[in-house]
Each structure stands twice: as C-alpha cells, then as structure tokens.
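Heavy-atom basis, side chains included; hydrogens, waters and symmetry copies ignored. All chains are named by letter (A, B, ...) in the order of the sequence lines, taking the proteins before the strands, and each is independently numbered beginning at 1.
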Amino acid sequence: MIRNGAFAKLFSLVFAVFMLAPLVVVMGVAFTPEGFLEFPPSGISLRWFEAILDNPDFIDAAIVSLQLGVASATIATVICVPAALAIGGGRFAGRDALQALFLSPLTVPTVVLGIAFLRFLSMMGLNGTFGGLVFCHVVIIVPFVLRLVLASVTGLDPSIARAATSLGAGGWTVFWRITLPAIVPGVVGGWVLAFITSFDELTVTVFIVNPATTTLPVKLFSHITQTTDPLVASVSTVAILFTVALMLIVDRLYGLDRLLIGEGTR
Amino acid sequence: MAILELRDLTKRFGETIAVDRFTLSVEKGEFVSLLGPSGCGKTTTLQMVAGFETPTSGSIALNGRDLSKVPARARGLGIVFQTYALFPHMTVEENVGFGLEMRKVPADERKRRIAETLDLVHLSHLSARYPRQMSGGQRQRVALARALVIEPELLLLDEPLSNLDAKLREEMQLELRRIQQEAGVTTLLVTHDQSEAMALSDRIAVMQGGRLIQEATPFEAYDRPTNGFVSSFLGKSNAIDAHLEAGGPGAAQLRCGDIRLDGPVSSQGPGAVLVSLRPERIEFCGEGEGIVSGTVVERVFLGDQWLFKVKTGLGELLVVRRNSGRREPDLGEAVHLSWQAEHLRILEAGSAA
Amino acid sequence: MTGDRARPWLLSAPALLLFAVMLVTPLVMTAILSFNSFDFYGGIQPTFGFSNYADVLGDSYFYEIFGRTFLIALVTTVICALIGTPQAYFLLRMHPFWRSLMILVVLGPLLISVVVRTLGWAILLGNNGVINEALRNIGLIERPLKMMYTSGGIVLALVHVMVPFMILAVWAALQRQDPATEKAAESLGAKPFTVFRRIVLPQAMPGILSGSLIVFSLSASAFATPAILGGRRVKVVSTTVYDEFLNTLNWPLGAAIAVILLVSVLAIMVAWNRLVEKRFAAVFQ
C-alpha cells in the first residue's frame with residue numbers, strides 16, 4: 001500500500017481542524033463563567049450547565065425529541081423491512097418507480113417538505129400534534145432506513161431462503177429464523193441513523209411544531225435567533241456528547257462508514 | 001550474462017520472515033518461474049523486484065545496475081498484475097499507450113508501437129474498446145501489451161492466468177509462451193500452479209517458507225526432485241518412508257518394514273530416507289513378476305487416464321494408467337505392482353510437504 | 001402466480017400508503033396552494049391563477065434571492081469537490097489507525113445537528129468572534145473582518161456541513177477502484193501527481209459528480225445555516241419561504257416560491273444526471 005506524503009498529512013491535519021473547530025468552540029464556550037459568549041473561556045465553570053436545569057423548556061424539548069426519534073425510527077423500520085424485502089427480492093414491474101418514490105424525500109428540498117406538511121396538517125386539524133410530527137418524520141427518514149436495509153437484503157444470498165424452504169420451513173419461519181437475523185445489522189444501522197436524523201431535524205420540524213411539541217433543534221434555533229447566551233452552548237454541548245456516545249457505540253457495532261455509505265448502494 | 005541478479009534477498013514483516021536469503025539469477029531472454037504455495041514468499045519477491053516493497057537486506061541488480069535506490073516508476077519493468085489493473089477509464093489503445101506517454105515518446109512513434117504490440121497480442125481490432133467491454137482473456141492480452149510496449153528489460157507476471165477459467169487458461173499458456181518468445185523478453189513469472197510453471201518456463205525456482213528449495217528446468221525438477229516437497233508439489237507422487245541399508249557407489253538397498261527394495265545408484269549414506277515414486281511409473285503385472293502385491297481400494301476414471309489407489313505392504317500407493325482401451329483392474333481386485341529401480345528417488349527423510 | 005405478483009406490493013403496502021397520504025397529498029396540496037391568492041384581511045382565497053408566480057418572476061427582489069441561493073450552492077459545491085476529493089484519496093492511503101480516526105472526524109459532524117454546528121460558526125465568525133479576536137491579537141487587522149451576515153460566511157459554514165457528503169461519495173467510488181491500477185501506472189513511469197491526475201481522478205469522477213449533485217441540492221435548500229448566519233440581511237430562498245409562511249403569513253406566495261425552488265432543483269438534477277450518464281455510459285456501467 002502506498003502511503004501519504006508530507007503534503008497529504010498536512011492537508012488532512014488542516015482539514016481535521018476545520019471539521020472540529022466549530023464543535024470545539026461550542027464546547028469551550030459552554031464552560032465560561034461569564035454571562036456572554038467568550039472563547040477561550042476565562043475560567044472553567046459549570047454555571048451554564050446548571051442553568052439548563054432552571055430552563056425546563058430545553059429539557060421538555062429534549063424529551064420530545066427523544067420520544068419523536070424513537071417513535072418515528074421504529075415506525076419507519078417496521079414499514080421499511082417488508083418494503084426492502086419486496087424491492088430487494090427480485091424484479092417486478094414498477095420496482096424502480098417504487099424505490100424512487102421511497103427515496104424521493106431526499107431529493108425534495110426540506111423547506112418544501114416543511115410547508116407541504118404544514119399545509120396538510122393544518123387542513124387536517126393536526127398541526128402541532130405529536131402524532132402529526134411523528135408521521136412527518138417517518139416520511140423524512142424512510143430513505144435512510146430503506147437504503148441500509150436494502151443493502152443488507154441485496155447482499156443476502158437468495159439461495160439461503162430457498163434452502164430453508166427445501167428443509168420444510170414456511171414463509172413466516174423463513175422470515176423470522178433466516179432472513180431477519182441475516183439482515184439485522186442493516187436494520188439496526190437503519191434504525192440508529194433514522195433516530196439521529198429525526199433527533200437532529202430542524203427545517204421541516206420548525207414549520208409544524210407548536211410550543212407544546214417543540215423539539216430540541218427548534219428550541220435551540222429559536223433561542224439562537226433571538227439571543228446568544230452561553231446557555232445554547234451548554235445545551236449544544238450536552239447534545240454533542242450524547243451524539244458522540246451514540247456514534248462510538250454505532251462505530252463499534254456496525255462501522256460508521258458502513259452506516260453512512262450504505263454498503264455500495266445508490 | 002545475467003540480466004537480473006537477486007542476492008541474499010530478505011524481507012521481514014515484523015517477526016515473520018517472508019523471504020529468506022533468496023538468491024537467483026535470470027539470463028537474458030530466459031523465462032523463469034517462481035513456484036510455490038501461497039505464503040511461500042514468491043509474491044513478496046516479485047513486489048521487491050518491481051519496487052513496491054523495500055528489501056530488509058540483500059540486493060537486486062538489473063543489468064548490473066543496483067535497483068535498491070531506484071523508485072518503481074524508474075525501473076522500466078513491464079508488469080502484468082493478477083487483477084490486470086487496466087485503467088477502466090481508458091480505451092485499450094490509451095491503456096497500452098500510457099507507458100509511452102510517460103516516456104514522452106512522440107505521437108507518431110507511439111501510434112506505431114501501440115499498433116505493433118496490439119498486433120502481437122492479436123487485439124488490433126479492439127483498440128477502441130474499454131476494458132469493461134472485454135472478456136477476461138482479452139483483458140489479459142491488453143495487460144500484456146501494456147507491459148510489453150515499453151520494451152522492458154524484464155517482464156514480471158504476477159499470477160497472470162489465475163483469473164481465467166481452466167480452458168482459457170490452457171489456451172493463454174500457449175499464447176503467453178508464443179508472445180514471450182516473439183518479443184524475446186526476459187520474463188519472471190510468479191505462480192502457485194505447477195502445470196503453468198512447467199508449461200511456460202525455461203527454469204523453475206521452487207520456493208517454500210521464503211526459501212529457494214530447488215532451481216532446475218521443468219523436466220529436471222519433475223524427474224529429479226531434490227526434496228520431498230518439490231516432488232509432491234510438482235505433480236502427483238508416492239512418498240514412502242524407508243531405511244537405506246547400503247550406501248556407497250553401487251545400487252542402493254532399501255528396507256521398508258519387512259519389504260526389501262532395489263534402489264537406484266545413490267551416494268547417500270545409510271539411514272532413514274524418503275523414497276519418492278511417480279504414480280505413472282508403476283505398472284500392473286502378472287503374479288510373481290511384481291515387487292509388491294495389493295488390493296485396489298479406489299478407482300477413478302478421468303477420461304484420458306485411470307487413477308487407482310492400491311493398498312500394499314508399502315502403504316497406499318497411487319497408480320496412474322493411461323486409458324488405452326484395455327481392461328483395467330476392478331475395485332477390490334488383487335493386483336501386483338512393479339517398477340524399475342531407477343525410477344525411485346531417494347530423498348532426505350522428513351522433507352515431504 | 002397472481003400471489004407471486006401481488007407479493008411485493010403487499011409487502012410495500014404500508015410504506016406506499018404512508019407516502020400516498022403523507023407525501024404525495026401534501027405536495028399536491030402545496031402545488032394547488034401556490035395558485036390560490038392571499039388577502040391580507042381574509043387570508044387564503046380559493047381562487048386559481050398564476051398571480052403568485054407572476055409576482056415572483058416579475059420582481060427583481062426574488063431574482064436576487066434565487067441568484068444568491070444558487071450562487072452560494074454552486075460555490076459550496078466547487079469548494080467541497082476541491083477539498084473533498086483529495087481528502088478522500090488521502091483517507092484511502094492512510095494507515096488504518098489514522099484512517100478510522102479520520103473517518104470519525106469527517107463523518108461524526110454529519111450526525112450532529114446543523115443548528116449546533118452553525119452555532120459554532122457563529123461564535124467563530126462574529127465581529128467579536130474567535131477568528132477576528134485572534135487576527136486582532138496577532139496584529140494582522142485593526143477592524144474586524146465582516147464574516148457574519150455575509151454570503152461568504154454562509155458558504156464557509158455550508159462547506160463544513162456538506163463536505164462529508166462529498167467525501168463519502170468520492171470514497172465509495174475510490175473503493176471500487178483496483179488499487180493495482182495505481183501501481184501499474186507507477187511501474188509505467190508515472191510520478192505521484194500524474195498517478196493522481198490521470199488514474200485516480202478519472203476513476204473518482206463518478207463519485208465527484210454524484211457528490212456534487214447531493215451537495216448542490218442540499219445547499220440550495222439549506223435552511224438552518226443561512227437562517228442563523230445570514231438572518232434577515234442575507235436572505236436565501238428557504239429563509240424567504242419561512243418568512244412568508246410564519247411571519248407574513250402569505251402562504252400562497254410562499255408556496256409558489258417553494259414550487260419554483262423544487263422545480264429548478266429537480267431540473268438541475270435531471271440535467272446533471274443526463275450529462276453524467278452520457279459521459280460515462282461506455283466506461284462505467
């Protein structure tokens with residue numbers, strides 16, 4: 001294997017600094033003892049982390065985001081597994097169209113999705129409801145789940161299901177005992193990616209929340225656009241640490257690059 | 001004069017020694033094969049000659065010039081990779097012309113040489129194709145043409161036929177030999193396929209565990225292996241543990257259990273030895289004429305030949321008979337085996353693979 | 001056989017139903033909405049006409065916003081390609097330990113909310129931000145460089161958000177390449193830069209082109225980054241739509257702007273795909 005030269009190493013270093021700088025700055029600012037944003041902080045203080053506890057709005061928003069992420073990722077996974085088995089299971093008329101439809105939320109600008117959902121939910125009288133929010137999120141995250149599950153399904157040797165059938169297994173048994181265990185990495189990876197996508201979603205959500213169902217990104221966004229105090233930094237820091245922990249677990253279990261590249265699909 | 005000289009070439013990866021004091025010289029125009037099982041160090045040796053690995057110690061000289069400080073791109077070797085490594089975004093013509101372009105050969109000369117080389121590999125009609133539009137055998141020829149067009153002092157072939165199916169592989173063996181001889185290029189081939197090595201080479205260097213075990217013409221290596229590993233790696237062979245009773249200048253006397261055998265003339269001293277006997281040198285014969293008797297325990301028909309396993313006092317012996325239309329012994333039949341004493345090879349005990 | 005033919009449709013029925021109700025219907029309703037009119041006192045009027053489109057297409061204010069949006073997206077895409085391509089190649093050649101670390105650095109931010117990342121850029125780019133303070137302290141500048149509320153600041157932060165997508169796309173293309181092709185080129189006499197330009201780059205091109213498409217379409221519709229770093233001063237299409245919907249409450253006009261955005265992004269994607277397919281049909285099937 002040919003290795004990198006000095007230029008490549010320097011380039012990678014500068015690039016890593018560029019990628020990490022905004023995150024480091026946010027985390028640094030969170031520890032300031034002052035009442036305004038400063039970096040590097042003049043001292044180390046947990047004052048702004050304690051302040052989170054005095055702002056139940058943020059905690060409520062974080063709880064909504066967690067519930068929303070779990071609910072929408074789970075629903076998306078449950079409907080994507082059979083759809084992926086259909087699409088990955090062989091040719092049929094309309095297969096490409098079906099796949100294109102399920103991946104289409106990726107190509108529609110999110111702001112367009114946001115207003116479409118707003119228009120739809122308000123006509124149905126469901127605007128701002130948690131249920132409405134969940135189903136909108138399901139639509140947004142289906143492409144992510146579908147891509148990962150589909151990658152697992154297409155990587156599956158079709159003769160193992162046939163082998164099970166030849167040994168006397170029925171359709172359900174084949175699914176539960178053979179197919180599902182074989183695609184579990186893709187399913188779990190898809191769920192995690194869907195959860196994170198839902199947890200981070202802003203552009204669509206900002207249109208369809210009401211004060212009772214405000215999510216963490218929306219709360220942070222509206223706070224930032226009104227005032228900038230170190231509170232947003234400390235909340236962000238908690239969110240970063242939460243994501244990093246999740247990311248490390250996923251990287252161990254599944255491989256971050258596999259999760260995000262989706263094993264050669266596309 | 002030797003074109004390529006490898007002297008005490010050694011490569012360590014941490015604790016493991018991939019290549020151990022390997023010495024070999026290749027004459028101009030010669031076709032030499034490095035043959036051995038996977039992990040024997042043959043590929044590492046090739047990578048060092050090519051310049052993709054740095055030797056831990058030892059030297060590589062091409063035409064008397066030391067290569068240790070020369071980067072891969074300046075060695076001027078033609079290399080055919082196992083995967084062919086064709087540039088997928090370039091046509092056949094562009095692939096073949098790439099090396100000439102790097103050498104800044106003028107366009108008209110480049111064109112002429114590309115045409116000549118494509119002609120040599122019989123691909124002139126496909127010069128505008130992309131690699132993906134070609135069959136395995138055709139890609140193989142493009143890879144060969146790309147390596148030959150730069151008129152290298154040495155052509156390196158890294159398992160070049162291993163990605164082809166059996167029938168195509170045989171065709172390409174003949175083709176490769178023809179092209180090599182027409183181009184008159186000195187060639188070093190790395191392979192684990194003994195029949196490929198024997199069919200193509202002027203000389204074979206058998207490697208095991210990073211070391212050179214035997215260096216000989218294909219016929220010599222097959223017929224007079226110096227070692228049990230070589231005899232079992234090149235073709236099929238029966239290995240019999242025996243005791244050499246009388247050494248010295250005369251014919252050898254061998255004892256195997258309570259069976260006595262006449263051996264060939266051997267200079268080896270008395271002691272434990274390994275006796276090797278090729279299955280095609282064993283004959284079925286009438287009762288009383290045989291050296292040992294036994295029972296057929298397995299019988300396989302291979303079309304042009306029969307393969308027998310015969311249980312005897314010397315252990316199970318493999319016997320190969322050419323299919324000449326005669327009746328051959330049945331399974332379970334009692335048979336008598338004979339061979340000529342000079343067909344036995346007396347090798348060092350414990351040297352079998 | 002009918003059972004076999006129905007099977008894939010039965011399996012996809014739940015997802016299909018959801019998409020019909022939750023995606024197709026809302027989009028159709030939005031398209032219809034864009035033809036309605038808006039009355040400041042009466043709200044949305046169920047009329048049908050092209051007045052909203054005429055308003056948008058006849059107003060240089062909107063041209064400026066669309067122009068700025070696509071220019072920001074284009075510049076972001078070009079910078080991502082220029083940075084992302086070599087970085088993906090260097091990633092391929094890294095020692096496995098450094099590579100897995102670098103993958104975390106490259107891909108990790110993708111999983112962190114854009115709001116949080118943009119907050120970081122706001123802290124870095126402000127007039128009293130980290131970069132300006134640092135430059136002032138080493139005496140390079142006297143007055144702060146204006147980076148907040150500029151298109152340049154938005155591009156910088158968007159590059160940060162988008163470059164992982166480019167690296168992923170190029171990385172996927174590079175992994176399909178036979179590493180021996182680089183060795184082959186080297187053995188034929190090519191210098192490292194020539195190997196990159198003549199062998200690696202063309203093989204990475206499908207990845208660069210598909211990455212560019214992703215980056216461009218995401219940048220053209222990005223919301224959080226221009227909203228936080230551009231505010232009301234540097235408006236792009238998505239922030240304009242947001243204002244129409246949640247501040248001015250002229251939903252039909254907002255819907256018309258959104259439809260124009262959707263159509264132009266889709267048109268660019270289709271055209272781009274055509275171009276790519278035509279160019280690479282013979283080489284990469």
Side-chain angles (χ1 to χ4, degrees), chain A residues 2-4 8 11-12 15-16 18-23 25-26 29 37 39 79-80 82-83 85-86 89 92 98 101-102 105 107-112 115-120 135-136 138-139 142 196 200 202-203 207 217 220-221 224-225 232 236 239-240 243 247 251 256-257 260-261 264, chain C residues 5 7-8 11-12 14-15 18-19 22-23 25-27 29-30 33 83 86-87 90 93-95 102-117 119-121 123-124 130 160 168 171-172 182 217 220-221 223-224 227-228 238 241-242 245 254-255 258 261-262 265-266 269:
Chain A
I2 308 157
R3 297 283 172 222
N4 288 315
F11 188 99
S12 302
F15 183 75
F18 170 73
M19 287 310 287
L20 295 178
L23 303 177
V25 165
V26 168
V29 164
L37 297 169
F39 188 89
I79 64 172
C80 274
L85 287 175
F92 59 91
L98 205 57
L101 174 69
F102 293 151
T107 37
V108 179
T110 37
V111 63
V112 177
I115 63 162
F117 291 148
L118 170 60
R119 175 68 173 153
F120 178 73
F135 280 98
C136 293
V138 172
V139 171
V142 154
I196 293 174
D200 289 345
L202 171 74
T203 315
F207 284 96
L220 274 175
F221 175 73
I224 291 170
T225 45
V232 285
S236 297
I240 292 173
T243 314
M247 196 169 85
D251 196 36
L256 204 57
D257 51 340
L260 292 165
I261 294 172
Chain C
R5 208 176 299 162
R7 187 174 172 273
L11 287 172
S12 1
L18 177 85
F19 271 62
M22 291 296 305
L23 182 69
T25 315
L27 286 175
M29 286 167 76
T30 307
L33 178 65
I83 298 176
Q87 187 57 58
F90 298 152
R93 292 159 53 114
M94 266 180 199
H95 183 279
M102 196 67 184
I103 285 177
L104 284 180
V105 171
V106 171
L107 304 187
L110 267 187
L111 302 179
I112 290 168
S113 172
V114 179
V115 180
V116 173
R117 285 188 274 166
L119 171 66
W121 284 108
I123 299 170
L124 284 166
V130 177
H160 182 260
L168 279 176
W171 170 254
E182 286 179 61
S217 67
S221 55
F223 171 72
I228 294 170
S238 58
V241 173
Y242 178 81
F245 264 80
L261 176 69
L262 174 65
V265 166
L266 289 182
M269 288 178 94

Side-chain touch C:Pro109/A:Leu23, heavy atoms, less than 4.5 angstrom
yes
Looking only at C:Leu266, C:Leu23, C:Ile103, C:Leu119, most heavy-atom pairs under 4.5 Å shared with chain A are made by C:Leu119
Taking every non-hydrogen atom, the tightest pair across C:Val115 and A:Pro217:
CG2-O, 4.0 Å
Flag if over 12 foreign heavy atoms under 6.0 Å of CZ, A:Phe15:
yes
Find out whether A:Phe221 and C:Phe223 are in side-chain contact, i.e. whether some heavy atom of one side chain is under 4.5 Å from a heavy atom of the other.
yes
If you look at every heavy atom in A:Leu98 and C:Ser12, which pair is closest and at what distance?
CD2-OG, 3.3 Å
At what distance, to the nearest 0.5 angstrom, does CZ of A:Phe11 lie from CD1 of C:Ile83?
6.0 Å
Heavy-atom cut-off 4.5 Å, strictly under: side chain, backbone, both or neither for A:Thr243 against chain C?
side chain
Atom group of A:Cys136 that falls short of 4.5 Å from chain C, counting heavy atoms
both
Chain C contact via A:Phe92 - side chain, backbone, both or neither, heavy atoms under 4.5 Å:
side chain
Start with the C-alpha distance between C:Val241 and A:Ile115, add both sets of side-chain angles, then the distance that settles side-chain contact (heavy atoms from CB on, under 4.5 Å), and finish with yes or no.
CA-CA 8 Å; C:Val241 173; A:Ile115 63 162; 3.7 Å; yes
Of the non-hydrogen atoms in C:Gly120 and A:Val25, which two are nearest, and what is the gap between them?
O-CG1, 4.2 Å
Taking side chain as everything from C-beta outward and backbone as N, CA, C, O, which of these in C:Ser238 sits under 4.5 Å from a heavy atom of chain A? Side chain, backbone, both or neither.
both
So, the part of A:Leu101 with a heavy atom under 4.5 Å from chain C: the answer is both
Closest non-hydrogen atoms of A:Ala86 and C:Leu11, given as atom of the first, atom of the second and distance, are CB-CB, 3.8 Å
Kindly indicate whether the side chain of A:Val112, heavy atoms from C-beta on, has any atom under 4.5 Å from the side chain of C:Ser221.
no
Point-to-point distance, once rounded to the nearest 0.5 Å, from CG of A:Leu85 to CZ of C:Arg7:
7.0 Å
If one checks every heavy atom of A:Ile224 against chain C at 4.5 Å, the contacting part turns out to be side chain
So which residue, A:Ala116, A:Gly89, A:Ala21, ends up with the most heavy-atom pairs under 4.5 Å with chain C?
A:Ala116
Measuring heavy-atom distances to chain A, does C:Phe90 have an atom under 4.5 Å in its side chain, in its backbone, in both, or in neither?
both
Does any backbone or side-chain atom of A:Val139 lie under 4.5 Å from a heavy atom of chain C? Answer side chain, backbone, both or neither.
both
Counting heavy-atom pairs under 4.5 Å to chain A, which of C:Thr25, C:Leu27, C:Ile112, C:Val106 comes out on top?
C:Ile112
Give the member of C:Arg117, C:His95, C:Met102 that has the highest number of heavy-atom pairs under 4.5 Å with chain A.
C:Met102
Chain C contact via A:Val142 - side chain, backbone, both or neither, heavy atoms under 4.5 Å:
side chain
Turns out that what part of C:Met269 lies under 4.5 Å from chain A's heavy atoms comes down to side chain
So which atom in A:Ser12 and which in C:Met94 form the shortest heavy-atom distance, rounded to 0.1 Å?
OG-CE, 3.3 Å
Mind listing the closest non-hydrogen atom pair of C:His160 and A:Met19 along with its distance?
NE2-O, 2.8 Å
At what distance, to the nearest 0.5 angstrom, does CZ of A:Arg119 lie from CG of C:Leu33?
4.5 Å
Given the options A:Phe18, A:Phe135, A:Phe117, which has more heavy-atom pairs under 4.5 Å with chain C than any of the others?
A:Phe18
Selection from A:Leu20, A:Ile196, A:Val138 maximising heavy-atom pairs under 4.5 Å formed with chain C:
A:Ile196
Quick one: do A:Ile79 and C:Leu18 satisfy side-chain contact (heavy atoms from CB on, under 4.5 Å)? Show the steps, please.
CA-CA 9 Å; A:Ile79 64 172; C:Leu18 177 85; 3.8 Å; yes
Highest number of heavy-atom pairs under 4.5 Å with chain C among A:Thr107, A:Leu220, A:Thr110 belongs to A:Thr107
Determine the option with the most heavy-atom pairs under 4.5 angstrom with chain C, choosing from A:Ala8, A:Cys80, A:Ala83.
A:Ala8
Option in C:Ala15, C:Ala258, C:Ser217, C:Ala220 with maximal non-hydrogen atom pairs under 4.5 Å from chain A:
C:Ala15
